[in-house]
Amino acid sequence: MTSKSENGSICDTEASITIGVLALQGAFREHIAHLNRLPGVQSVEVRTKEQLADLDGLVIPGGESTTMANIAQRWGLIPELKSFAELGRPIWGTCAGLIFLADRASGQKEGGQALLGGLDCKVHRNFFGAQINSFETELPVPKALKAFESGPQGFRAMFIRAPAVLEAGPSVEVLSEYRLTAGEQSVSDGLKKVAVAVRSKNLLATAFHPELTEDCRWHKAFVDMAS
Ligand SMILES: NC(=O)CC[C@H](N)C(=O)O
């Protein structure tokens, strides 16, 4: 339902959930657009620690995890982001955001990079190779998530210089897996599959980019976690 506020602007009176999208670098606008399509949800670009206070959940978008970590460090955001996660507030990391949330990462730039951590996982930062190896595929929907109860039984997964979860601890629930092709297995020590979507308590992480497809169900799933 929309109504006119006193100053005459149109506002959505149903909006009750506020989701922030970390807007330091990367694909934050696409997440904002998807979130705004969901009823009762308003989204905000987040650049300061003060903005974190009023959020029901935070999306850390895809982009370049080293650059994002450097900016977050320079702007003094790392301690606040860490405590956001530690306090059990919902965070969804996509692609670079997944790397950011992982406790352990390989394939990092020399000198490593700041990680927020919280997700008991080891990720490979560029598991699927360089930009040129980016690809799109269809994966079965995660049955564990209510948001996928309706709609097609598969979802489009776009992998762009994508990471993958190589090891996950007992607290981590694997929501989606990707089966490696014979060629991929031969350069991955015979690994047959990797996790590409995981959930652990207040943290959701996906190696692919739902914000670049028409499907809003991953955003809905995160809003469910934040509601
Ligand atoms: N699309 C992405 O977010 C790519 C992430 C990239 N592999 C990194 O290290 O940050």
Side-chain angles (χ1 to χ4, degrees), residues 19-35 43 45-47 57-75 77-78 81-82 85 91-119 121-139 155-168 175-178 180 184 187-188 191 193-199 203-215 218-219 221-222:
I19 305 290
V21 183
L22 195 63
L24 308 180
Q25 189 264 342
F28 55 88
R29 288 188 190 86
E30 292 81 354
H31 275 294
I32 294 271
H34 266 47
L35 289 163
S43 60
E45 295 182 8
V46 172
R47 295 190 178 82
L58 178 72
V59 176
I60 304 182
E64 214 286 325
S65 58
T66 317
T67 311
M68 211 182 290
N70 283 342
I71 302 174
Q73 217 153 19
R74 209 173 321 135
W75 291 6
L77 285 168
I78 300 278
L81 289 170
K82 272 197 170 142
I91 305 187
W92 173 22
T94 52
C95 206
L98 175 151
I99 301 167
F100 218 32
L101 289 179
D103 280 345
R104 302 171 292 285
S106 60
Q108 300 186 58
K109 285 198 178 142
E110 221 172 292
Q113 65 196 85
L115 299 175
L116 284 188
L119 206 52
C121 282
K122 179 181 175 190
V123 300
H124 188 296
R125 204 179 139 229
N126 290 312
F127 181 78
F128 292 102
Q131 186 80 18
I132 195 167
N133 306 112
S134 299
F135 65 102
E136 204 179 324
T137 189
E138 178 145 332
L139 295 176
F155 69 92
R156 297 300 297 166
M158 293 180 68
F159 292 91
I160 304 173
R161 278 181 298 111
V165 176
L166 305 183
E167 297 163 13
L175 298 171
S176 297
E177 287 180 327
Y178 172 84
L180 272 61
E184 287 164 341
V187 291
S188 310
L191 208 60
K193 57 185 186 179
V194 286
V196 291
V198 293
R199 174 170 67 167
L203 306 178
L204 175 69
T206 53
F208 44 83
H209 287 262
E211 79 284 6
L212 300 181
T213 70
E214 279 303 303
D215 198 342
W218 281 100
H219 290 79
F222 181 59

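What you see below is based on every heavy atom in this structure, not just the backbone, and it leaves out hydrogens, waters and symmetry mates. All values reported here derive from a predicted model rather than from experimental measurement. Atoms within a ligand are numbered from 1 in the order they appear, just like the ligands themselves.
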*Under 4.0 Å from ligand 1, counting heavy atoms only: the protein residues, by chain and number*: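 Around ligand 1, where the cutoff is 4.0 Å for heavy atoms, the contacting residues are G62, G63, E64, S65, C95, A96, I99, R125, N126, I160, R161, H209.
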Could you check if a side-chain atom of [X] sits within less than 4.5 angstrom of a side-chain atom of [Y], using non-hydrogen atoms only?
X: Y178; Y: S176; answer: no
X: F222; Y: T206; answer: no
X: L204; Y: W218; answer: yes

*How about H124 and S188: does a side-chain donor come under 3.5 Å of a side-chain acceptor?*
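No, because no side-chain N or O of H124 sits under 3.5 Å from a partner of the opposite role on S188.
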*asked:* Could you check whether R125 pairs with E64 (Lys NZ or Arg NE/NH1/NH2 to Asp/Glu carboxylate O, under 4.0 Å)?
replied: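 Salt bridge between R125 and E64, a charged N being under 4.0 Å from a carboxylate O: yes.
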*Distance-minimising heavy-atom pair for G62 and C95*: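 So the two residues come closest at CA-CB, 4.0 Å.
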